[in-house]
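Scroll down for the structure; my scribbles are underneath it.
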Amino acid sequence: MARERYLLHAGEEEINRPGAEITLKTKKDKWNNFWFYHRVHVALVVVAVLFVAYLIYDMVTKVNPDYNVAILSSQYVSTDLTDMLSDELEKYGEDLNGDGQVVVQVNVFEILQGDAADSVDVNMQMAGVVKFQADLQMGESYLYLTDDVSFIAYGREEGVFAYLDGTPVPEGATDYENMRLPMSECKGLADTEIGQIFQDFSLSVREVRDDLLEDNPDYYLGAREMYENLVAGNVVNDTSSVESGAESAAASE
C-alpha cells in the first residue's frame, strides 16, 4: 500500500522495522497517495462523463429533418450548394414532425462514372456507392436530383425510380423520359440561382416499397406533396417573407 510506495527502495529490514509505517500528514501527501493508486480509475470516469455529455448534447441539439432529398452526381457537389438547395426546397415543404420548423436534409452521393472513375480513390468511390445503396434500402430520400451520367448508370435499374406520378415502373419498361423531369420544367427551381447551377440535372422520385410505406406512410405522403408543390411552384412556406417581416418589425421598434 502507501507504505510500500514510500519505502520502494528500502531493504526488507527497513520495511519491516517497527515504526516504519508512513503517516500521511499533509493534504499534498494524501493527494499524491490517492492519485498514485486511483489515477486510472479517475481517467476512466472522466472519459465516461465526457461521452455521456456528448450524447446528451447531440440529442438536445440534433435537428430531425422533415424531408430527405438526394443528389446523385458524377461530379463533386459542395456544401454551399447543398445548403442553397436545402433553403430553396424548404419553401415547398411543411413541418411534418411538429418541431416548429421546416428542414430539408440534402444527401449527396458522388459516384464517378467512366474514365473519371479510374482516377478517383477506390475507397471514396465505394463509400459513395454504399451510401447510395443504403439510402435506397432505408428509404430516406424520396426526391432525387441526378445528372445524365448517374441516371443512365443507376436510375434505369429496376426498383430504383418510379414514374413521376408515383406509380411503379413495370419490368422491362424503357420510357425513361417519364421517370425524370428536366430542371427547366420544375417551376419552383428553374428560375432560381440554384436551379441554374443544377440546370443539367433532372428530378426523379424513388419507388417506395410496400414495407417502407407501411412503416411510415405520413413521411412519403408529405414528401410527395412537397414534390408536387415544387414542380408547380406552389410556395407553402415562404421563409423569406417571414424573415423580412421580422426585420421590418425590429426596425420600427
So, for [X] and [Y], which heavy atoms are closest and what is the spacing to 0.1 Å?
X    : Y    : answer
D215 : P217 : C-CD, 3.7 Å
S74  : V149 : OG-CB, 4.0 Å
K131 : V108 : NZ-O, 3.6 Å
N237 : E90  : ND2-O, 2.9 Å
Y163 : A173 : OH-CB, 3.6 Å
M138 : Y220 : O-OH, 4.2 Å

Using side-chain heavy atoms (C-beta onward) and a distance below 4.5 Å, is [X] in contact with [Y]?
X    : Y    : answer
R209 : R206 : yes
L203 : M183 : yes
V104 : M226 : yes
R180 : D148 : yes
L85  : I71  : yes
D218 : L96  : no
F151 : L72  : no
R224 : V205 : yes

Practice prompt. Nearest 0.5 Å please: distance from the NZ atom of K91 over to the CG atom of N229.
Written response: 13.5 Å
Worksheet item: Would you find more than 12 non-hydrogen atoms of other residues, nucleotides or ligands less than 6.0 Å from D83 atom CG?
Response: yes
Practice prompt. Give a yes or no on whether D210 atom CG has more than 12 heavy-atom contacts from other residues, nucleotides or ligands under 6.0 Å away.
Written response: no
Practice prompt. Take N178 and L164 through the test side chain to side chain contact (heavy atoms under 4.5 Å, CB included) and record every step on the way to the result.
Written response: CA-CA 6 Å; N178 294 321; L164 292 174; 6.0 Å; no
Fill in: Y219 and L212: CA distance, side-chain angles, deciding distance, side chain to side chain contact (heavy atoms under 4.5 Å, CB included) verdict
CA-CA 10 Å; Y219 172 74; L212 294 175; over 6 Å; no
Worksheet entry | Check against side chain to side chain donor-acceptor pair (under 3.5 Å), T167 and D165 | CA-CA 6 Å; T167 58; D165 63 2; 2.7 Å; yes
Item to complete: List the steps and the verdict of side chain to side chain contact (heavy atoms under 4.5 Å, CB included) for L143 and L230.
Response: CA-CA 11 Å; L143 177 62; L230 180 64; 3.8 Å; yes
Item to complete: Using side-chain contact (heavy atoms from CB on, under 4.5 Å) as the criterion, point out the one residue from F109, F132, Y144, F161 that pairs with Y154.
Response: F132
Worksheet item: Does the cation-pi check pass for R156 over Y176, that is, NZ or CZ under 6.0 Å from the six-membered ring centre and within 45° of its axis?
Response: yes
Worksheet item: So Y227 and Y142, would you call those rings parallel, tilted or perpendicular, with 30° and 60° as cut-offs?
Response: perpendicular
Item to complete: Tell me, with the steps shown, if F201 and S150 meet side chain to side chain contact (heavy atoms under 4.5 Å, CB included).
Response: CA-CA 10 Å; F201 282 65; S150 299; over 6 Å; no
